[in-house]
Amino acid sequence: MKFRLLFLVVSCLYLSACASTVEEKPKPKPKVTMSSSCLDYAVKNGEQVSGFKSVYYDKNSDIPLDNLDSNMSCIVTYLANHPSKRIEVQGFTDDTGSLAYNQALAQRRAQGLVEHLVLLGASPSQLQASFRTLEKQADKPSLTKEQRAKHRRVDFFVIEG
């Protein structure tokens, strides 16, 4: 009987020593896989691409101020290499003009760049146009010329598919 009890205790100790705990290793963060020229246009959050450089506009215009070729090509390439990602193309306006006018202008800015990206080869299902406008508020001072110029833009945000 003592032998049997001793055998049982030794067996349990042996088996518990053999049991290994599964240690979860932290997953490595994916590296940004883009050409060096496209990294200049990417907006990163750590090693993740969270968006791309903004495109700016003159007052009352839906024609971009700068040449878009490199920035747009980088967005198209990024989407082709990341089929589970989508880009929200968000148009903005400053606080001048009526709310209805600004909403239409911001939408034209965003939709124009969506159409440009599709012409360059981006999948329409990976693009989403939206807009935001600033409203005049009587209790707040007017924006400066420089502040307004920063609001006249389109931003590109990476979102999960």
Side-chain angles (χ1 to χ4, degrees), residues 22-161:
V22 177
E23 192 176 311
E24 288 189 35
K25 295 179 183 177
K27 294 181 182 177
K29 291 182 180 178
K31 299 289 182 198
V32 176
T33 53
M34 301 180 82
S35 71
S36 58
S37 62
C38 283
L39 286 176
D40 293 339
Y41 295 96
V43 175
K44 296 186 294 179
N45 181 7
E47 289 294 323
Q48 300 289 325
V49 173
S50 60
F52 290 86
K53 276 189 178 177
S54 301
V55 173
Y56 291 93
Y57 296 81
D58 273 332
K59 184 177 179 179
N60 299 324
S61 175
D62 58 5
I63 298 171
L65 289 174
D66 296 324
N67 183 347
L68 300 177
D69 294 344
S70 296
N71 196 7
M72 298 298 108
S73 295
C74 291
I75 294 171
V76 171
T77 302
Y78 178 82
L79 289 173
N81 291 330
H82 299 87
S84 67
K85 304 282 186 179
R86 292 178 28 230
I87 299 282
E88 180 178 0
V89 181
Q90 195 171 65
F92 292 85
T93 61
D94 59 26
D95 62 343
T96 61
S98 71
L99 180 60
Y101 175 81
N102 284 341
Q103 287 175 340
L105 179 59
Q107 184 66 29
R108 280 196 319 272
R109 288 173 177 170
Q111 193 59 43
L113 290 185
V114 165
E115 291 169 7
H116 187 74
L117 288 164
V118 169
L119 286 174
L120 291 175
S123 170
S125 65
Q126 287 182 280
L127 298 167
Q128 171 185 328
S130 65
F131 65 90
R132 292 183 57 192
T133 57
L134 290 177
E135 295 183 49
K136 292 180 190 174
Q137 296 181 5
D139 60 337
K140 291 192 176 182
S142 295
L143 296 176
T144 66
K145 184 177 178 180
E146 292 80 18
Q147 290 171 323
R148 283 189 177 111
K150 288 181 182 179
H151 281 282
R152 294 188 299 264
R153 70 184 190 277
V154 168
D155 287 339
F156 304 91
F157 300 101
V158 174
I159 52 179
E160 295 299 321

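Position 1 is the first residue of the sequence; numbering continues from there.
Within the 3.5 Å criterion, the main-chain N or O of Asp69 finds a donor-acceptor partner in the side chain of Ser73. Side-chain atoms of Asp94 never come within 3.5 Å of backbone atoms of Lys59 as a donor-acceptor pair (strictly under, hydrogens ignored). Judged purely by atom type and a 3.5 angstrom limit, Asn102 uses its side chain to pair as donor or acceptor with the backbone of Thr96. A donor-acceptor contact shorter than 3.5 Å is absent between the side chain of Thr133 and the backbone of Thr93. Side-chain N or O atoms of Gln48 include none that pairs as donor or acceptor with a backbone N or O of Asn45 at under 3.5 Å. Without hydrogens or angle criteria, Arg148 side chain to Leu143 main chain gives a donor-acceptor distance under 3.5 Å.
Taking 4.5 Å as the limit, every side-chain heavy atom of Val89 sits out of range of all side-chain heavy atoms of Ile75. In this structure, Phe156 and Val55 have side chains that are in contact, with non-hydrogen atoms separated by less than 4.5 Å. Between Leu79 and Leu127, the closest side-chain pair of non-hydrogen atoms falls below 4.5 Å. In this structure, the side chains of Tyr101 and Asn60 come closer than 4.5 Å at one or more pairs of heavy atoms.
In terms of heavy-atom proximity, Gln126 sits nearest to His82 at NE2-O, 3.2 Å. Across Pro64 and Leu68, no two heavy atoms sit closer than the pair CG-CD1, 3.6 Å. Of all heavy-atom pairs spanning Asp40 and Lys53, the tightest one is O-CE, 2.9 Å. Scanning both residues, Gln147 and His151, for their nearest heavy atoms gives O-CD2, 3.0 Å. The two residues Lys44 and Ser50 make their nearest non-hydrogen contact at C-OG, 4.0 Å. For the pair Cys74 and Tyr41, the tightest heavy-atom approach, listed with the atom from each and the gap, is SG-CD1, 4.0 Å.
Under a cutoff of 6.0 Å and an axis angle of 45°, Arg153 and Phe92 form a cation-pi pair.
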*Which is it for Tyr57 and Val154 under the side chain to side chain contact (heavy atoms under 4.5 Å, CB included) test, yes or no, and what are the steps along the way?*
CA-CA 8 Å; Tyr57 296 81; Val154 168; 3.6 Å; yes
*Step by step, work out the side chain to side chain contact (heavy atoms under 4.5 Å, CB included) result for Arg109 and Arg152.*
CA-CA 9 Å; Arg109 288 173 177 170; Arg152 294 188 299 264; 3.7 Å; yes
*asked:* Let's go through Ile87 and Val158 carefully: what are the C-alpha distance in whole Å and the side-chain angles of both, what is the deciding distance for side chain to side chain contact (heavy atoms under 4.5 Å, CB included) to 0.1 Å, and is it a yes or a no?
replied: CA-CA 5 Å; Ile87 299 282; Val158 174; 3.7 Å; yes
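Gln128 and Arg86 share a side-chain donor-acceptor pair at under 3.5 Å.
A distance of 10.0 Å separates CG of Asp66 from OH of Tyr56, quoted to the nearest 0.5 Å.
Taking 4.0 Å as the cut-off between side-chain N and carboxylate O, Lys85 and Glu160 count as a salt-bridged pair.
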